[in-house]
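Note that these values count all heavy atoms, side chains included, but never hydrogens, waters or copies made by symmetry.
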Amino acid sequence: MEVAEVATKMAATSLGNPEGRVLRRMTKINKILEDDVANWAGRRVLVGGWVKTGREQGKGSFAFLEVNDGSCLANLQVICDAATYPLAELVPTGTSVLVEGELKPPPEGVKQRIELKVDRVLEVGPVGEKYPLPKTRLTLENLRDFMHLRARTNTISAVARIRDELAHATHAFFRQNGFRYIHTPILTTSDCEGAGEMFQATVLFSQAEKIAKELKENPPPSESDIEAAKLVVKEKGDIVAQLKSTKASKAEITAAVSELNRAKEAVSRLEERYKLKPGIPTNPDGRFVFDSDFFKKPAFLTVSGQLQVETYACAIGSVYTFGPTFRAENSHTSRHLAEFWMVEPEMAFATLEDDMDYAEEYVKFMCQWLLDNSKGDMEFMVKNYDKTAIERLKLVASTPFARVSYTEAVEILMGVTEKKFENKVEWGIDLASEHERYLTEVIFKKPVIVYNYPKGIKAFYMRLNDDQKTVAAMDVLVPKVGELIGGSQREERIDILKQRILDSDLPLEIYEWYLDLRRYGTVKHSGFGLGFERMILFATGLDNIRDVIPFPRYPGRADL
């Protein structure tokens, strides 16, 4: 046995593969096309992918296939002879193929740098009908009607790779900076934002449907049915009493007691069914009763993992969570989704200034990561969607962010005369997207961090400043998107936090655990949230957030 084969089998065994099976390794097309041709010419490879275009040549003696495996935008030209496989089954667009052969430089004068001469076709996934995606370019909006197929297009596959790289960059950045990754719950009983726009998680409706069906198929007992059953219990009870008084045998008494117990159980079942009512149980004031719900209390899909991840920040230091969040906001804008992903770091012993520092470095890190690792996909975005996309990444990656207080930002915007804003600018408003983009694109011409917002427009957990009017909050604004990050120093003083909860009309009791973090070893801590899809919008230059998430959920649509 060859030394290399022995080593491979030993490695397989050490990885939990006791039989030492050698995995079939396919070569990714990006490894071939992005390397020096000399390193691949003459090598045998196994390639799996989908035919983008195929055509028979030489009077049907061979076929050219443009095969893509999703590893990059570029296709590998594959040549297959008719003697190797029936060409008519290979050339339709969308056909999947697993082929093996030798890589060779093509003839001079063609655009390909290397091509694969196939001598074995191992698997074929045929296209039996007309392929639903035409070769002519579909709009991104139309592609949303082909949610299960749109990943096969150049744009959506490029977005998927960019998204993957940004996720990788996220974990790399926080790992390099000593953060721990914490998985926070998707189901929660607390509203982080206090806005009430939450999807409720309940089984009350399914229970109500089940009961309605049951009552229809098997009507509930009447009061006379229950009274009759109770008479049987009395009769059985009298028999037991009589047997005991006459000192009957133990066997007779035991049998009679068993019959009495069965009669009592029958009454209990009838009474339970009698209580069954169609619909969801409510209180006299009309509110739903959650005693029979799964969690015995109202539960929701989370709008943020921040509150929960704070519990770990107050125990093990710097942490972050990265996962899906949900908001039942009936918005049809190009910037809103019902389900989206958030990156939320939280740092113990950190002030607002620390928070701003981490946010700035994180955004810069991601921009540089794409410049280093997504060249082909970013060039595609520049060519097809936003000519300034790469320039924007370079600007953000290399430029110190401007920092300005909310009050100063409002004063700057109020002094603008060359543009009329749709939303009036005055102290106390929540800055609109047009204000944010004007600050970063026109005034400062680079990313801007706005800090110390009015307390009335920010969440209860943000630290109240000494002026009693503002909180230690900050937003990172970037060109193209506006707000990319929102964060704050958290309120660590329990009395002030209690009052802020009450002022927000939130029930104090469900935040007792959150207050415990202030009761037992309170610590200054800060954190922020980055809308992951907004970061992808910023990077790619695409206009609609529905095109940068694999399966967008928005009002009226939850496909797949």
Side-chain angles (χ1 to χ4, degrees), residues 1-15 17 19-58 60-87 89-126 152 154 157-158 160-161 164-165 168 372-380:
M1 186 180 291
E2 294 287 340
V3 173
E5 187 177 352
V6 172
T8 302
K9 287 202 170 189
M10 288 177 64
T13 301
S14 67
L15 290 172
N17 190 349
E19 297 178 11
R21 294 186 298 271
V22 179
L23 299 176
R24 181 170 67 178
R25 298 289 187 187
M26 290 188 293
T27 300
K28 290 296 184 182
I29 288 174
N30 67 321
K31 300 296 183 186
I32 299 170
L33 298 183
E34 294 172 5
D35 198 1
D36 192 331
V37 171
N39 293 333
W40 291 92
R43 290 175 59 175
R44 287 188 62 77
V45 294
L46 179 68
V47 170
W50 291 263
V51 176
K52 289 286 188 176
T53 60
R55 65 187 189 279
E56 295 185 34
Q57 295 286 100
S61 61
F62 66 95
F64 287 114
L65 310 175
E66 293 292 321
V67 176
N68 188 281
D69 65 357
S71 62
C72 62
L73 277 168
N75 306 320
L76 176 65
Q77 180 163 282
V78 172
I79 305 171
C80 184
D81 293 330
T84 303
Y85 202 87
L87 302 182
E89 297 180 25
L90 299 178
V91 294
T93 296
T95 301
S96 70
V97 293
L98 181 65
V99 295
E100 188 175 18
E102 184 178 342
L103 290 166
K104 296 182 177 181
E108 292 186 10
V110 299
K111 65 178 183 178
Q112 288 82 11
R113 297 169 58 245
I114 198 167
E115 60 188 16
L116 178 63
K117 181 65 172 67
V118 171
D119 52 42
R120 294 180 67 204
V121 177
L122 284 78
E123 296 178 19
V124 173
R152 302 186 186 193
N154 286 339
S157 64
R161 287 185 292 271
D164 172 64
E165 290 295 342
H168 193 148
D372 295 340
N373 296 282
S374 296
K375 181 180 178 182
D377 289 322
M378 287 306 306
E379 288 176 346
F380 173 84

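Separation of atoms CG (Leu73) and CG (Asn68) is listed at 7.5 Å; rounding is to 0.5 Å. To the nearest 0.5 angstrom, Ile79 atom CD1 is 10.0 Å from Gln57 atom CD. Taken to the nearest 0.5 Å, the CD atom of Glu66 stands 10.0 Å off from the CD atom of Glu115. How far CD1 of Ile32 is from CG of Asn39: 12.0 Å, rounded to the nearest 0.5 Å. Taking SG of Cys72 as the reference point, atom CG of Asn30 lies at 5.0 Å (rounded to 0.5 Å). Here the CG atom belonging to Leu33 is positioned 10.0 Å from the CH2 atom belonging to Trp40, to the nearest 0.5 angstrom.
Side-chain contact check for Val91 versus Leu65: some heavy-atom pair is nearer than 4.5 Å. A heavy-atom distance below 4.5 Å is found between the side chains of Val121 and Cys80. A heavy-atom distance below 4.5 Å is not found between the side chains of Arg152 and Thr93. A heavy-atom distance below 4.5 Å is not found between the side chains of Val99 and Tyr85. Proximity of Leu46 to Leu122: side-chain heavy atoms (C-beta onward) are separated by under 4.5 Å at one or more points.
Between Ile29 and Asp69, the shortest heavy-atom contact is N-OD2, 2.9 Å. Closest of all the heavy-atom pairs between Gly101 and Leu116 is C-CD1, 3.5 Å. Between Ser374 and Glu165, the shortest heavy-atom contact is OG-CG, 3.3 Å. Between Val37 and Arg113, the shortest heavy-atom contact is CG2-NH2, 3.4 Å. Taking both residues in full, the closest heavy atoms of Asp35 and Lys31 are given as CB-O, 3.3 Å, listed atom of the first, atom of the second, then distance. Looking at every heavy atom in both residues, Ile114 comes nearest to Ala41 through CD1-N, 3.9 Å.
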* Could you walk me through whether Asn154 and Lys52 pass the side chain to side chain contact (heavy atoms under 4.5 Å, CB included) test, one step at a time? => CA-CA 10 Å; Asn154 286 339; Lys52 289 286 188 176; 3.9 Å; yes
